[in-house]
Amino acid sequence: MIIGVESTAHTFGVGVCHKGKILANVRDMYHPLTGGIIPIEAGKHHTAVAESLWKQALVDASITEKDITAIAFSYAPGLAPCLLAGMRFVKTKAKLLGIPILPVHHSIAHLEIGQSIGAKDPVLLYASGANTQIIAYASGKYRIFGETLDVGIGNCLDKIARAMHIPFPGGPHLEMSALRGKYHPLPYSVKGMDVSFSGLHNKALQLRAQGMSAEDVACSVQETAFAMLVEASERALAHTGKREFVLGGGVACNARLQAMCKAMCKARGVTFFCPAKPLLIDNGAMIAYTGELLFKKKLCISLPKLDIAPRERTDQVSVTWK
Ligand code: AMP
Ligand code: MG
């Protein structure tokens, strides 16, 4: 029985996993009153909600603390105050219960959870707030084949939404708005398998200031940004020769992005996977699931070695559990 704690950014989550099955997955999201995430405030939020979410996860999984074999937590990448809040909580629990800790890399957990729905060796489009990467396994590591050269896709959507007075997170609002909008061309920037969103972001704000409707801005931003992601993903599929594709991260909740990825996969004869929404956004279940993979290979960490790594990249981790 593995319990997983997620705290890399806006969300504190606790999940329970047993033999690859998710038994609990609860979360609480920090919402800034205005503007974007304030890391210190998000950290305080996580500490405040940790104990009650922990208890709720135990209730949902119908277990007690005595049933837990090990605690997994996301040590990287993320906002330092948020990561620290998670690590402190996990350390206290592990000491109290006398159980080992499993350090899980958050981005890799987004990838591994794709396996729980059948993907074996996929290319992952990880489209979240801060992270936008195209990742696949090769020779002992999850390699980053392409990524954003500037802002993450979710942050880009959130910033455009914020300029239109839509509160964080703006992505879901833009999705609804885009349904009523018309497409106008915006700067489209793909460099090999990398993408860049700053030109599109600036142009969208300019067009809005010049009177373009919020619906047309939303539609044009989505069509352009998602087409870039799909083009780069398809190139990674062609390059690696892999036959499976997983869409992950919070922006993967977007029905338009899902439809565009699905269409590309169908045209290439590639199997498309997209986890259910509670496993797409930041969550503790994917941390518990990946933690269990580590536990099977006895990849626990001793308390003195416990640390966070806010900037550690996916391809810095040796994948020793596969
Ligand atoms: P994550 O960082 O993976 O938890 O994802 C959070 C990001 O996903 C935020 O930037 C949200 O705006 C974005 N997001 C969530 N739902 C949607 C949606 N339906 N369409 C577009 N973006 C979304
Ligand atoms: Mg994430």
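Atom set for the values below is all heavy atoms of this structure, side chains included, hydrogens, waters and symmetry mates excluded. Only a predicted model underlies this, so the values are computations on that prediction, with no experimental measurement involved. Whatever order the structure lists them in is the order used to number ligands and atoms, beginning at 1.
Residue His110 has no nitrogen or oxygen atom sitting less than 3.5 Å from a nitrogen or oxygen atom of ligand 1, judged on distance alone. For the pair Leu157 and ligand 1, the shortest N or O to N or O distance does not fall below 3.5 Å.
Close contacts between ligand 1 and Ser128 involve ligand atoms 1 (P), 2 (O), 3 (O) [criterion: under 4.0 Å to a heavy atom]. Under a 4.0 Å criterion applied to the non-hydrogen atoms of Gly249, ligand 1 contributes the atoms 3 (O). Per-residue contacts place Gly154 under 4.0 angstrom from the following atoms of ligand 1 (heavy atoms of the residue considered): 10 (O). For ligand 1 and Glu175, the ligand atoms under 4.0 Å from any heavy atom of the residue are 18 (C), 19 (N), 20 (N).
A salt bridge is defined here as a Lys NZ or Arg NE, NH1 or NH2 lying under 4.0 Å from an Asp or Glu carboxylate O, and Glu292 with Lys296 fails to meet this definition. Ion pairing of Lys120 with Glu244 is absent here, as no side-chain N (NZ or NE/NH1/NH2) approaches a carboxylate O to less than 4.0 Å. Salt bridge present: Lys242 and Asp121 bring a charged side-chain N and a carboxylate O closer than 4.0 Å. Checked for salt-bridge contact, Lys182 and Glu223 miss the test: no charged N lies under 4.0 Å from a carboxylate O.
Checking each of Leu149, Val151, Val221 against Phe197 for a side chain to side chain contact (heavy atoms under 4.5 Å, CB included) leaves exactly one that passes, namely Val151. Applying side chain to side chain contact (heavy atoms under 4.5 Å, CB included) to Thr8 and the options Pro310, Ser74, Ser107, Ser128 leaves one that passes, Ser74. The residue from Val190, Val251, Thr148, Thr132 that alone fulfils the side chain to side chain contact (heavy atoms under 4.5 Å, CB included) condition with Leu229 is Thr132.
Summarising the contacts of atom 11 (C) of ligand 1 with Ala130, Ala252, Ala255, Pro169, the nearest heavy atom is found in Pro169. With His10, His106, Glu6, Lys277 as candidates, the residue nearest to atom 6 (C) of ligand 1 on a non-hydrogen basis is His10.
Atom CD1 of Ile2 sits about 11.0 Å away from atom OG1 of Thr290, to the nearest 0.5 Å.
Donor-acceptor pairing under 3.5 Å is lacking for the side chains of Asn202 and Gln206. Under the 3.5 Å distance criterion, with hydrogens and angles disregarded, no donor-acceptor pair is assigned to the side chains of Asp28 and His46.
Counting protein heavy atoms only, atom 5 (O) of ligand 1 is closest to Gly250 CA, 3.1 Å. Among all protein heavy atoms, the one lying closest to atom 20 (N) of ligand 1 is Asn254 ND2, 3.0 Å. Atom 22 (N) of ligand 1 has as its closest protein heavy atom Gly171 CA, 3.5 Å. Protein heavy atom at the shortest distance from atom 9 (C) of ligand 1 is Asp158 OD2, 3.5 Å. Summary of contacts: the protein heavy atom closest to atom 2 (O) of ligand 1 is Gly129 N, 3.1 Å.
Contacts of Val251 with ligand 1, taken as heavy-atom pairs under 4.0 Å, involve both backbone and side chain.
Our summary of the site lists the angle at the Mg ion (ligand 2) between OD1 of Asp282 and OH of Tyr126 as 170°, to the nearest 10 degrees.
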